[in-house]
Number of protein chains: 2
Amino acid sequence: MATKTGKSSEKKSSIFEVAELSGVSIATVSRVLGGKAYVNPELVLRVKKAAAELGYRPNRSASSLRMRVSKTIGVIISDIENPFFTSVIRGIEKILYDAEYSLLFCNSNEDPERERSHLSILRSEDVAGIILTPTNQNSAFCRDLVNSGTQLVAIDRIPEMELMDVVTTNNRKSAFDAASHLVELGYQRIGLIAGPKQPSTSRERFEGFRDAVLTNNLPLDPDLIVYSDFRQAGGYQAMKTLLDLKNPPEAVMISNNLMTLGGLQAIHERNLHIPDQIALVGFDDMPWATSLQPPLTAVAQPAFDMGTTAAELLLDRLTDPTRSYRKVELDTKLMVRTSSGAKSA
Amino acid sequence: MATKTGKSSEKKSSIFEVAELSGVSIATVSRVLGGKAYVNPELVLRVKKAAAELGYRPNRSASSLRMRVSKTIGVIISDIENPFFTSVIRGIEKILYDAEYSLLFCNSNEDPERERSHLSILRSEDVAGIILTPTNQNSAFCRDLVNSGTQLVAIDRIPEMELMDVVTTNNRKSAFDAASHLVELGYQRIGLIAGPKQPSTSRERFEGFRDAVLTNNLPLDPDLIVYSDFRQAGGYQAMKTLLDLKNPPEAVMISNNLMTLGGLQAIHERNLHIPDQIALVGFDDMPWATSLQPPLTAVAQPAFDMGTTAAELLLDRLTDPTRSYRKVELDTKLMVRTSSGAKSA
DNA sequence: CTGAAAGCGCTAACAC
DNA sequence: GTGTTAGCGCTTTCAG
């Protein structure tokens, strides 16, 4: 019998086979495996043995259907290629794995339309909860979700409405500290490459920057503030704009990691020396920050911890869906290195 | 606010409500929505209208249970924080999204134990297929999966056994080209920071390097070959080892992106000039490659395309599970920049 | 062509 | 404490 495709499927066994092999009812098997009801220890043993012998894995679709909720968490990330979010995901994954949840991954690509579509799909998957970086364009939909019993947790950006837990960092303070660092170093003309207007993160970083400048009695020159898109190409263009000014800045704060990469490109293209000719402070401390010459001064955000925290918040809420919404603000840390012109490493 | 619109939903509606509202049986609703049987056009219209009105989304758990396969693909990645895999994932996601599949994400962290666990979970989720970067320690398990009807596709690394499609790049040739580039530039003592022994990728890159050296009648000095772990810290240590040699290399090829970052750190620490004192060629062309000073010469791998290809291969196989296994080898491109000491940019 | 009905594998009443 | 049984929402025979 070697002719055709050997589809001698070692068939997946169901709870029924386990019950049969261990000589109990399927209800008992379910109780043993679910572990939420007392069962005679001897039976427990027999069931577990039978399950192991058959390599039994409960069918999650059946379980989800019956329980009306799955052991799955949806995650909607706005840009999977951004290392910041990548660390967030790893944090989420770690917690969910330990809690035996699966992770349904979606990439919204910052597109509200796509976000809505994903939200909708996740709903039809009966996910237990969703962790997302909200575009804040789908509030109505989110509300529906919450009303129908799906828990949401927002990451990084603050959602418009009070209907989910949220974990962020104190962007305003971080930006204030980063900009102040530049001021203390004696720079007078400090530029900002800001993010898009929509997300709360870029707004807050702008505010922190502005506060630092004004607090120190420096002028807030609109020419020195360029709005961009959180992407590398955008950062490149923005830096060029700044450098092209008849009176260019002595130092620049850049509002995220990808734009920093673009900014660096523009600076190198003109053979400008960092920090002598142009000092830099970035947002997000990435693996490559210390591999740059000179190493980059940057605001380190606890991306991994944001992920774990979000997952924990969600799991927690799953066990107590009625508790009031929480907002957790994690600390950032300014990693002072040489790109800002600081003396100490 | 008395009228129901698709957007205002209190409760999830099931196929039953759609049937009721449109005055047909649930079987007909299923046929209309599934689109695989002829239904009276007029009824089709009524059903679609009702579905839209109710904001109906078929319950995927129920469907999976009944069909014994879900509209879900599992993806097991060895290191989510590596930008290379991150691009792969985006490629996969793009294709799957268009095909209306969901993506169940798993991080194996290069750990065979964890890989097995994920494989097992994915099985109990009834996933239609799995895309993975295999550790090659779970062949028996993979075979079981295939036998029970789950399609697998390997990415990047070549699996031990002939039981799945695979998409890779020609690592041997890429490494050969990269090393040859260094030879042509006139370097005599060329070092290699190699990856771990297990994955086929690092083995092949080593072979390509060796071939290039030997082909050009240069000695293959074992001192100049350091094995590491594909991680940043490992690359840092490896580069230090190389630099500490009484007779250090003039040029180094580094076998992946993260180790390159580590190597750069070690070089900067000693204030060595690139490429004058030490020339560099890396693997994987990352966003930061052009932001470095000098820009990094590197082998660009089509990570995104590898992802789309893998997903397409899988989808294709899902429609024809009996077709023979395919191996797709994508082209890489050596991006010549200044870190290798080349003249042209 | 359309409807009735039988499960897919699992959990949770409800009996005993 | 354990077994029996009724569905969860969906797809797919099988009749008509």
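Bear in mind that the values here come from a model prediction, so they are computed numbers and not experimental data. Here is the naming used below: chain letters follow the sequence lines, and residue numbers restart at 1 for every chain. The analysis underlying the following values was restricted to heavy atoms, covering all of them including side chains, and did not include hydrogens, waters or symmetry mates.
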Expressed in angstrom and rounded to an integer, what is the separation of [X] atom [atom1] from [N] atom [atom2]?
X	N	atom1	atom2	value
L65(A)	dA12(C)	CG	C1'	14 Å
L54(A)	dG9(C)	CG	P	14 Å
E17(A)	dC8(C)	CD	C1'	13 Å
F16(B)	dA4(C)	CZ	P	10 Å
R46(B)	dT2(C)	CZ	P	10 Å
K71(A)	dC10(C)	NZ	P	16 Å
E125(A)	dG9(D)	CD	C1'	14 Å
I15(B)	dA5(C)	CD1	P	16 Å

Where at least one partner belongs to residues 112-166 of chain A, residue pairs that pass ring pair (Phe, Tyr, Trp, His ring centres under 6.0 Å), sequence neighbours excluded |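 Qualifying pairs, neighbours excluded: H118(A)-Y97(B).
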V24(A), nearest nucleotide to its side chain (from dG3(D), dT11(C), dT2(D)):
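Shortest atom-to-atom distance from the side chain points to dG3(D).
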| task | Taking only the side-chain heavy atoms of Y38(A) (C-beta and beyond), determine which of dG9(C), dG1(D), dC10(D) contains the nearest atom. | result |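 Selected nucleotide (nearest to the side chain): dG1(D).
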Test your reading of the model: is there a side-chain donor-acceptor pair from R157(B) to the backbone of T201(B), 3.5 Å cut-off?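 Not at all, since once roles are kept as given, no pair shorter than 3.5 Å links the two residues.
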Exercise for the section: Without swapping roles, check the side chain of T168(A) against the backbone of I155(A) for a donor-acceptor pair under 3.5 Å. Expected result: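 Checked: no pair found.
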For nucleotides 12-16 of chain D, give me every protein contact, N/O to N/O, under 3.5 Å, one pair per line with atom names.
unit_1, atom_1, unit_2, atom_2, d
dT12(D), O4', R66(B), NH2, 3.2

Self-check item: Note: R90(B)-E93(B) ion pair, threshold 4.0 Å (strictly below)
Solution: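 Here R90(B) does not pair with E93(B) in a salt bridge, since their nearest N and O are not under 4.0 Å apart.
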Item to check | side chain to side chain contact (heavy atoms under 4.5 Å, CB included) partner of D165(B), the single match among E312(B), R323(B), K327(B), Q151(B) | outcome: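 Answer to the side chain to side chain contact (heavy atoms under 4.5 Å, CB included) test with D165(B) among E312(B), R323(B), K327(B), Q151(B): R323(B).
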*No-hydrogen, no-angle side-chain donor-acceptor test under 3.5 Å, R60(B) and S102(B)*: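 Side-chain D/A pair, R60(B) to S102(B): present.
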Using the rule given for salt bridge (Lys or Arg N to Asp or Glu O under 4.0 Å), can you reason through R57(B) versus E100(B), listing the C-alpha separation, both sets of side-chain angles and the distance that settles it, and then say yes or no?
CA-CA 13 Å; R57(B) 305 282 323 200; E100(B) 298 188 294; 5.8 Å; no
Short side-chain N/O contact from [X] to OP1 or OP2 of [N], under 4.0 Å:
X	N	answer
S25(B)	dG3(C)	yes
N59(A)	dC8(C)	no
R68(A)	dG9(D)	yes

Taking for each residue the nucleotide of DNA chain D with the nearest heavy atom, is it S63(B) or V39(A) whose nucleotide lies nearer the 5' end?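 That would be V39(A).
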* So which one's nearest nucleotide on DNA chain C is more toward 5', A37(B) or P58(A)? ->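 Going by which nucleotide is closer to the 5' end, it is A37(B).
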